[in-house]
Amino acid sequence: MTSYGSSSAASAGSRTNGFAVASLCCGIVGLFLLNIVLGPLAIVFGVVARRQASVRNGAGMAKAGIVLGIVDVVLWLVLLAVAASNGGFSWYVGG
């Protein structure tokens, strides 16, 4: 009889590399916030995942994470250049 509540079918299959998933997540979230932090993290996680690609699946996700990490860093540089051309940054607090 087949047991539908068993997780043996899910664990018997191939598992995706955790670094590839982390790289993709950091790359996507980095497009919207903290791109200078999450961009390099996405690149590093992606490179580590690509080196482990022979052991686990996820080479495509790792490559996408690397590309998104590079886009994050370039986006941050563009925003920095735009801010510098408009007179720089100024913080006004209170009164």
Side-chain angles (χ1 to χ4, degrees):
M1 185 170 287
T2 305
S3 174
Y4 292 104
S6 175
S7 65
S8 63
S11 64
S14 61
R15 298 181 51 103
T16 304
N17 191 342
F19 283 115
V21 174
S23 173
L24 187 62
C25 290
C26 286
I28 291 171
V29 173
L31 290 173
F32 301 105
L33 34 112
L34 293 175
N35 50 2
I36 191 57
V37 175
L38 295 176
L41 278 177
I43 294 169
V44 169
F45 288 155
V47 168
V48 170
R50 295 276 297 177
R51 289 191 180 177
Q52 295 177 352
S54 62
V55 178
R56 292 185 171 180
N57 293 335
M61 273 195 269
K63 188 183 293 186
I66 292 170
V67 170
L68 285 172
I70 292 170
V71 168
D72 290 345
V73 172
V74 169
L75 179 66
W76 181 78
L77 291 173
V78 167
L79 291 175
L80 185 68
V82 167
S85 69
N86 288 333
F89 299 102
S90 65
W91 295 93
Y92 178 74
V93 179

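Along the sequence shown, the residues carry numbers beginning at 1. Since we're looking at a predicted model, the values are computed, not measured.
- Under the rule for a side chain to side chain contact (heavy atoms under 4.5 Å, CB included), the partners of Ile70 that lie at least two apart in sequence or sit in another chain are Ile43, Ile66, Val74.
- Considering only residues two or more places apart in sequence or on other chains, Ile28 meets the side chain to side chain contact (heavy atoms under 4.5 Å, CB included) condition with Leu24, Leu68.
- Under a 3.5 Å cut-off, the side chain of Asp72 and the backbone N or O of Leu31 do form a donor-acceptor pair.
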Exercise. Would you sort out whether Arg15 and Asn57 count as a side chain to side chain contact (heavy atoms under 4.5 Å, CB included), showing the intermediate values?
Key: CA-CA 6 Å; Arg15 298 181 51 103; Asn57 293 335; over 6 Å; no

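- Of all the heavy atoms in Gly65 and Ser23, the pair that sits closest is CA-OG, 3.1 Å.
- Note that CZ of Phe32 and CG of Leu38 are 12.0 Å apart. Values are rounded to the nearest 0.5 Å.
- When all heavy atoms of Ala42 and Gly27 are compared, the closest pair comes out as CB-N, 3.6 Å.
- Considering all non-hydrogen atoms of both residues, Arg50 and Ala59 come closest at NH1-O, 3.7 Å.
- Between Ala62 and Ala20, the shortest heavy-atom contact is N-CB, 3.9 Å.
- The two residues Gly58 and Thr16 come nearest to each other via the heavy atoms CA-CG2, 4.2 Å.
- For the atom pair CG (Asn35) and CH2 (Trp76), the distance works out to 8.5 Å, reported to the nearest 0.5 Å.
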